Amino acid sequence: MNDTTDVVIVGGGLAGLTCALGLKGSGLKVTVLERDAALGGRAGSRLDPDTHDAIDLGPHIFVTQYPNMMALLEQLGTADRVVWQPGRRFLTMAHGAREVGMVNADLPPPMGFVPSTFFDPTSTYLDKASNVPFTLYAMQLDEDALLELDDVPAADLLRDMGVTQRYVDTFWSFASMSVMNVPVEKCSAAALVRFYRRLIGHRSFQAGFADGGLAELFEHQARAAIEREGGQVLTRTAVRRLLGDARRATGVELEDGRVIEAKQVVAALPPQALSKLLPEAWVQAHAPFQQLHRFEACPYISTYLWFGRKLTERQFWARAHHPEDLNCDFYDLSNIRRARAGKPSLICSNIIYAQRAAHLSDDEVIAATRAELAEFIPAAADAKVVHAVVNRIPMAIHCPYPGTERARPEQATAIFGLTLAGDWMKTGLPSSMEGACHSGWRAAELLWKSVGQQRELVRPARPVEGFTGLLTHVSKWLPTRDFTKTVVQAFVRA
């Protein structure tokens with residue numbers, strides 16, 4: 001016996017839930033399908049059975065430039081459960097036991113981080129100056145110009161622009177691994193420059209964290225809101241394949257053989273999962289589906305360590321990148337979550353691009369993580385670890401290798417009734433929670449349009465400001481769009 005609905009959304013992560021919430025008031029019956037027992041996808045959480053603390057798959061960061069993620073939390077009434085770092089400090093970098101702070105100065109972009117960079121002792125003034133021409137170049141680029149860089153490895157572009165190897169090692173290697181999740185030698189220059197333009201294009205950035213498990217900010221609230229609208233949310237419900245003829249989507253077939261017929265199908269899935277559900281006729285009809293193999297999953301490992309005593313008052317810090325290191329960033333949840341205030345340290349960390357650690361046992365991961373932690377906080381070496389958990393996650397985001405930025409698909413497809421959503425869509429954003437929510441709102445806009453109504457749900461990113469915004473605007477009057485690049489490369493060669 002078949003079920004029927006107006007819209008079936010495959011995937012109960014941030015993109016799928018945001019899409020469902022964006023259809024509030026549309027009159028469309030919405031069914032959300034999630035194969036796992038809980039909602040949230042890669043932003044999911046669970047309770048540790050021994051300590052009853054909420055554990056995320058891995059710690060996630062909010063930033064103040066996340067308008068679409070914050071729009072979701074505002075709708076659900078949980079925006080006040082983001083704990084923002086106090087003051088103007090955006091990031092603490094740990095170079096062994098030495099601490100270097102990235103602090104937002106109240107200066108026009110791109111000058112906000114310049115004072116911190118100027119006094120950073122890990123590179124010379126010549127190294128820092130070598131990054132200036134590249135910064136000027138990045139400030140000129142629009143979306144079309146960015147995509148022209150997609151086939152170039154980021155490290156090659158940086159060196160071509162005269163950035164010294166020391167500055168590539170001390171700044172860009174960290175930025176690429178921590179934000180883009182791949183080494184700078186393997187990252188698309190377009191993807192890295194896209195992030196950098198956002199970083200230098202606004203007056204201030206502030207980092208925030210969930211007060212509790214990340215999914216606690218949206219999972220139950222989203223389910224309740226969808227059900228109040230007459231929709232349904234089905235967990236532990238795996239989809240075997242998407243259904244339809246060569247030109248039209250008509251529903252889904254579940255693993256148990258049941259069919260759900262729908263007027264509209266939204267596939268809010270990672271590319272690897274989507275590729276397994278597509279009819280071959282759709283792959284042939286829609287060219288972007290033929291590029292799904294490009295989107296390789298980036299695995300990561302997240303370690304949680306419960307200590308017997310308090311180790312630090314810091315909320316969040318990151319390790320300077322070294323190829324032989326494992327962990328990238330650390331969080332003490334006893335300084336973030338209100339329920340753990342005054343309790344011993346609960347420190348979690350991320351091993352990004354974790355192929356290099358796949359052969360390690362959990363005990364070896366814990367030992368290596370503790371050793372790296374102790375380089376910055378020596379007390380961690382002899383403090384008692386009362387409990388530990390190692391999460392191995394198959395996918396953080398897709399690896400933004402050269403060629404992937406152009407392959408990111410539009411959300412509307414050539415298959416009538418089929419819409420895509422996910423952080424890997426062509427949103428103009430790095431793959432992130434913000435990108436996932438942006439795509440969810442956009443998918444909902446497309447579905448509103450299908451019933452003859454217009455809705456503006458996506459919150460556009462703030463235009464770049466200060467000197468960055470000025471140069472972006474005047475660059476169209478330069479002799480060529482690559483004027484700065486041409487001048488710099490001629491100087492470097494000379």
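Quick note: numbers below take in every heavy atom, side chains included, and nothing from hydrogens, waters or symmetry partners. A quick note: this is a predicted structure, and the numbers were derived from the prediction, not measured.
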I'd like to check the side chain to side chain contact (heavy atoms under 4.5 Å, CB included) partners of Thr237; sequence neighbours left out, ordered by chain and number.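 Side chain to side chain contact (heavy atoms under 4.5 Å, CB included) list for Thr237, sorted by chain: Leu33, Leu234, Leu254.
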
Test of understanding: with side chain to side chain contact (heavy atoms under 4.5 Å, CB included), list the residues that count as partners of Glu219, not counting sequence neighbours. Ala38, Leu39, Ala215

How are the rings of Tyr331 and Phe209 set to each other: parallel, tilted or perpendicular (split at 30° and 60°)? perpendicular

Would you call the rings of Phe134 and Tyr196 parallel, tilted or perpendicular if under 30° counts as parallel and over 60° as perpendicular? parallel

Worked check of side-chain contact (heavy atoms from CB on, under 4.5 Å) between His286 and Leu278: CA-CA 11 Å; His286 192 51; Leu278 293 171; over 6 Å; no

What residue among Arg294, Arg194, Lys426 forms salt bridge (Lys or Arg N to Asp or Glu O under 4.0 Å) with Glu405? Arg194

[X] side chain vs [Y] backbone, donor-acceptor pair below 3.5 Å:
X	Y	result
Ser439	Gly422	yes
Arg406	Leu147	yes
Trp84	Val63	no
Glu434	Asn68	yes
Gln411	Gly440	no
Arg159	Gln165	no
Asp256	Arg258	yes
Gln65	Arg198	no
Asp56	Leu214	yes
Arg337	Ala54	yes

Which residues satisfy the ring-ring contact (aromatic ring centres under 6.0 Å, His included) test with Trp441, sequence neighbours excluded? none

Looking only at non-hydrogen atoms, find the nearest pair between [X] and [Y] and report the distance.
X	Y	answer
Thr92	Phe316	CB-O, 4.0 Å
Lys29	Thr4	NZ-O, 3.5 Å
Leu28	Val451	CD2-CG1, 3.9 Å
Thr419	Ala443	CG2-CB, 3.9 Å
Pro279	Leu242	CG-O, 3.4 Å
Leu21	Ala225	CD2-CB, 3.5 Å

Please determine, by modelled atom types, if Glu34 and Thr235 share a side-chain donor-acceptor pair under 3.5 angstrom. no

Partners passing side-chain hydrogen bond (donor to acceptor under 3.5 Å, both in side chains) against Asn104 (at least two apart in sequence or in another chain):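 Checked Asn104 against side-chain hydrogen bond (donor to acceptor under 3.5 Å, both in side chains); zero matches.
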
What pairs with Arg42 under side-chain hydrogen bond (donor to acceptor under 3.5 Å, both in side chains), at least two apart in sequence or on another chain? Asp423

Answer yes or no: are there more than 12 heavy-atom neighbours, outside Arg35 itself, under 6.0 Å from its atom CZ?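 Check fails, neighbour count at 12 or below.
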
Carboxylate-amine/guanidinium contact Glu255 Arg240, below 4.0 Å: yes

Does this structure show an ion pair linking Arg459 with Glu74, if we count only N-O contacts that are shorter than 4.0 Å? yes

Go through Phe330 and Arg319 one step at a time and tell me if the side-chain contact (heavy atoms from CB on, under 4.5 Å) criterion holds. CA-CA 8 Å; Phe330 292 84; Arg319 281 175 67 84; 3.6 Å; yes

Is there a side-chain contact between Glu227 and Gln232 in this structure, where contact means two heavy atoms from C-beta onward sitting under 4.5 Å apart?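 No, side chains not in contact.
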
Taking only residues two or more places apart in sequence or in another chain, which ones pass salt bridge (Lys or Arg N to Asp or Glu O under 4.0 Å) with Asp53? Arg340

Please evaluate residues Val193 and Tyr137 with respect to the criterion side-chain contact (heavy atoms from CB on, under 4.5 Å), reporting the C-alpha separation (whole Å), side-chain torsions for both, the decisive distance (0.1 Å), and the verdict. CA-CA 10 Å; Val193 174; Tyr137 175 59; 6.0 Å; no

With side chain to side chain contact (heavy atoms under 4.5 Å, CB included) as the test, pick out the partner of Cys187 among Cys399, Pro153, Ser176. Ser176

Member of Asp150, Thr404, Asp151 meeting the side chain to side chain donor-acceptor pair (under 3.5 Å) criterion with Ser188: Asp150

